[in-house]
J.: 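Okay, handing you the structure first.
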Amino acid sequence: MTGEKGTVLTAAGIWPLLAFLADGAGGPARAELAEALGIPAGSAADAARKLLTALTGVRGLQAATGLWTKAHLPLHEPWLTGLPDGVRATLTGDEGTDRKALDGWAADRTGGLIERMPLPIERDTLLVLASALALRLKWTRPFRTGSVDLSEGPWAGRSALALYRSTSLLDRARVAHTPTGPVTLLEVVGDGGVDVHLVLGETGRPPVEGPRGRHLRRHPDRAVDGREPASRGKPGAGAAHRDGPFDRS
């Protein structure tokens with residue numbers, strides 16, 4: 001993650017890896033990982049396995065964990081037994097062979113969406129712990145494509161492709177008032193029972209802070225922790241008001 005290319009991260013993919021690492025860690029590292037996970041390190045591996053099982057039950061979602069190690073690298077057997085079945089493979093030390101194996105794993109576990117394992121593989125690489133998460137779905141109402149002239153942020157002054165949509169269902173877009181400023185929340189409904197929630201803050205603002213996202217809790221009928229429909233007051237970052245007609249989605 002050098003910042004030179006686009007990077008997409010998901011907590012659902014990273015959390016199990018941190019949980020398995022916490023299970024095998026000791027000393028300050030174990031305590032720090034437990035704090036990041038929000039659960040005791042002793043129960044982390046079991047929680048990670050349950051999460052991965054739940055993810056594989058989601059329609060259109062592929063989830064997997066992989067571990068590659070040098071044959072001579074000593075690993076604690078209790079830690080290995082806490083990993084999901086069939087995740088461990090061996091690094092040969094031959095860069096071409098190992099690259100082919102890891103790229104093949106990434107492509108297979110993501111249905112071809114990711115063709116290469118996004119990390120360098122060298123002769124002295126001792127261990128690789130990776131997760132793969134790939135979701136295929138269709139929006140109940142497709143987006144419209146267009147272009148936008150960017151006026152702020154790292155790509156200011158450029159034109160870029162953009163996706164647009166409009167709706168008359170005001171609960172799809174909300175604004176949460178947080179200690180670091182307003183945050184726009186947009187719910188995009190997909191098929192198969194999978195929805196996507198997009199969160200966007202104002203430019204230059206730090207990330208929202210608070211224990212386990214307490215400022216962004218959801219309530220079906222009214223604003224909670226300062227959350228309200230985007231139709232009231234300012235529309236929020238990335239949202240705009242206009243008169244109809246609208247799509248009912």
Side-chain angles (χ1 to χ4, degrees), residues 1-58 61-69 73-85 87-88 102 105-106 109-110 114 117-121 125-135 176 178-181 183-185 194-202 204-218 224-227:
M1 294 180 293
T2 63
E4 297 176 357
K5 296 182 178 180
T7 300
V8 178
L9 301 176
T10 171
I14 294 176
W15 197 93
L17 300 186
L18 296 180
F20 289 130
L21 290 175
D23 180 57
R30 185 177 178 88
E32 291 174 6
L33 286 167
E35 182 179 1
L37 293 167
I39 63 173
S43 60
D46 182 61
R49 290 192 300 270
K50 290 179 179 178
L51 174 59
L52 291 171
T53 299
L55 290 174
T56 57
V58 177
L61 180 65
Q62 291 179 264
T65 301
L67 171 69
W68 296 262
T69 66
L73 183 68
L75 296 173
H76 292 291
E77 192 62 31
W79 182 70
L80 290 175
T81 59
L83 298 175
D85 294 336
V87 304
R88 187 183 182 188
L102 269 67
W105 183 90
R109 298 305 192 276
T110 63
I114 299 176
M117 181 71 76
L119 81 166
I121 305 297
T125 299
L126 296 178
L127 182 148
V128 175
L129 180 62
S131 70
L133 201 65
L135 175 64
T178 76
T180 58
V183 175
T184 302
L185 313 172
V194 177
D195 302 335
V196 174
H197 295 260
L198 305 177
V199 181
L200 181 64
E202 292 185 324
R205 293 282 188 172
V208 176
E209 298 179 355
R212 302 188 185 184
R214 63 182 175 86
H215 300 295
L216 304 181
R217 292 176 186 161
R218 181 174 182 174
V224 175
D225 290 324
R227 178 173 171 164

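Numbers here are sequence positions counted from 1.
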J.: Answer whether the closest heavy-atom distance between the side chains of Leu83 and Thr65 falls below 4.5 Å.
T.: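 Heavy-atom side-chain distance check fails, nothing below 4.5 Å.
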J.: Got a sec, which residues hit side-chain hydrogen bond (donor to acceptor under 3.5 Å, both in side chains) with Thr69, two or more places apart in sequence or on another chain?
T.: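 Per chain and number, Thr69 pairs via side-chain hydrogen bond (donor to acceptor under 3.5 Å, both in side chains) with Arg88.
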J.: Determine which pairs satisfy salt bridge (Lys or Arg N to Asp or Glu O under 4.0 Å) with at least one residue from residues 17-28, sequence neighbours left out, and list them in order.
T.: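 Sorted result for residues 17-28: empty, none.
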J.: Contact between Val199 and Val183 at the side-chain level, heavy atoms closer than 4.5 Å - yes or no?
T.: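 Answer yes - side chains close enough.
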J.: Can you list the residues that meet the side chain to side chain contact (heavy atoms under 4.5 Å, CB included) rule with Leu18, with sequence neighbours excluded?
T.: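 Checked Leu18 against side chain to side chain contact (heavy atoms under 4.5 Å, CB included); matches are Ile14, Leu33, Leu37.
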J.: Say whether, by atom type as modelled, one donor and one acceptor occur between the side chain of Trp79 and the main chain of Leu21 under 3.5 angstrom.
T.: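 Not a single qualifying donor-acceptor pair exists.
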J.: Among residues at least two apart in sequence or on other chains, which ones pass ring pair (Phe, Tyr, Trp, His ring centres under 6.0 Å) with Trp15?
T.: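 For Trp15 there are no ring pair (Phe, Tyr, Trp, His ring centres under 6.0 Å) partners, ignoring immediate neighbours.
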J.: For Arg49, is there any backbone N or O sitting under 3.5 Å from a side-chain donor or acceptor partner on Thr53?
T.: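 It does hold such a pair.
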J.: Considering residues at least two apart in sequence or located in another chain, which fulfil the salt bridge (Lys or Arg N to Asp or Glu O under 4.0 Å) criterion with Asp195?
T.: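 None.
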J.: Residues two or more places apart in sequence or in another chain: which of them pass salt bridge (Lys or Arg N to Asp or Glu O under 4.0 Å) with Arg30?
T.: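 Counting only residues at least two positions away or on another chain, Arg30 forms no salt bridge (Lys or Arg N to Asp or Glu O under 4.0 Å).
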J.: Please name the pair of heavy atoms, one in Gly13 and one in Ser131, separated by the smallest distance, quoted to 0.1 Å.
T.: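 Closest heavy-atom pair between Gly13 and Ser131: O-OG, 2.8 Å.
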J.: Looking at every heavy atom in both Leu73 and Leu126, which two are closest together, and how far apart are they?
T.: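 Minimum heavy-atom separation between Leu73 and Leu126: CD2-O, 3.7 Å.
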